Amino acid sequence: MKYSKYFGLITRDKGSLNLSTAQFQRLMNIVFVEGAINDLSKAKQTYKETNQFYRYETIIFKENGKLSELTGNLEPEKLLREMYQPN
């Protein structure tokens, strides 16, 4: 949840982010996907030491792919800087 934590800290320290509508939607999608990955990972842990432990791997993999598409695998600071650039 590195992006969500970073965005949260920036918002706490500097106030709301003044992003374009498209970039704000992107930010919200990043936060949502990170939350989904976190929740799926927690659910996966409930099956630790059973043969069903890997049942969430495909879904987590797909969600990580979505996150990569949204972020370009940039570090949070660089991503936010890029989000502020005009199109």
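What you see is a predicted model; the values in this text were computed from it and never measured.
We find that Glu69 and Lys66 are not joined by a salt bridge, their nearest charged nitrogen and carboxylate oxygen being 4.0 Å or further apart.
Dense packing is recorded around OH of Tyr6, with more than 12 heavy atoms of other residues, nucleotides or ligands lying under 6.0 Å away. Surrounding NZ of Lys2 are more than 12 heavy atoms belonging to other residues, nucleotides or ligands, all under 6.0 Å away. Heavy-atom neighbours of Asn18 CG from other residues, nucleotides or ligands within 6.0 Å: at or below the threshold of 12.
With contacts defined as side-chain heavy-atom distances shorter than 4.5 Å, the pair Arg81/Lys78 qualifies.
Atom CG of Leu27 and atom CD1 of Ile10 lie 11.0 Å apart (nearest 0.5 Å). Between Ser41 atom OG and Ile59 atom CD1 the span is 11.0 Å, to the nearest 0.5 Å. Within the model, atoms CG of Leu67 and CD1 of Ile30 stand 7.0 Å from one another, a figure rounded to the nearest 0.5 Å. Once rounded to the nearest 0.5 Å, the distance linking CG of Leu80 with OG1 of Thr71 reads 13.0 Å. For the atom pair Arg55 CZ and Thr46 OG1, the distance stands at 8.0 Å (nearest 0.5 Å).
Residues forming a side chain to side chain donor-acceptor pair (under 3.5 Å) with Asn73 (at least two apart in sequence, or on another chain): Ser68.
Closest approach of Leu79 and Leu70 over heavy atoms only: CD1-O, 4.3 Å. Met83 and Gln23 get closest at one heavy-atom pair: CE-O, 3.2 Å. Listed here is the closest heavy atom pair of Tyr3 and Glu75: CE2-C, 4.2 Å. In terms of heavy-atom proximity, Phe53 sits nearest to Lys44 at O-CG, 3.1 Å. Here the closest heavy-atom approach between residue Val31 and residue Phe7 is recorded as CG2-CD1, 4.2 Å.
When hydrophobic clusters are built by joining Ile, Leu, Val, Met, Phe, Trp and Tyr residues whose side-chain heavy atoms come closer than 4.5 Å, directly or via intermediates, Tyr84 is grouped together with Phe24. Following chains of ILVMFWY side-chain contacts shorter than 4.5 Å, one cannot reach Met1 starting from Leu40, and the two form parts of different hydrophobic clusters. Residues Leu9 and Met28 do not share a hydrophobic cluster, defined by chaining ILVMFWY side chains whose heavy atoms lie under 4.5 Å apart.
Asn29 places a side-chain N or O within 3.5 Å of a backbone atom of Gln25 that can act as its donor or acceptor partner.
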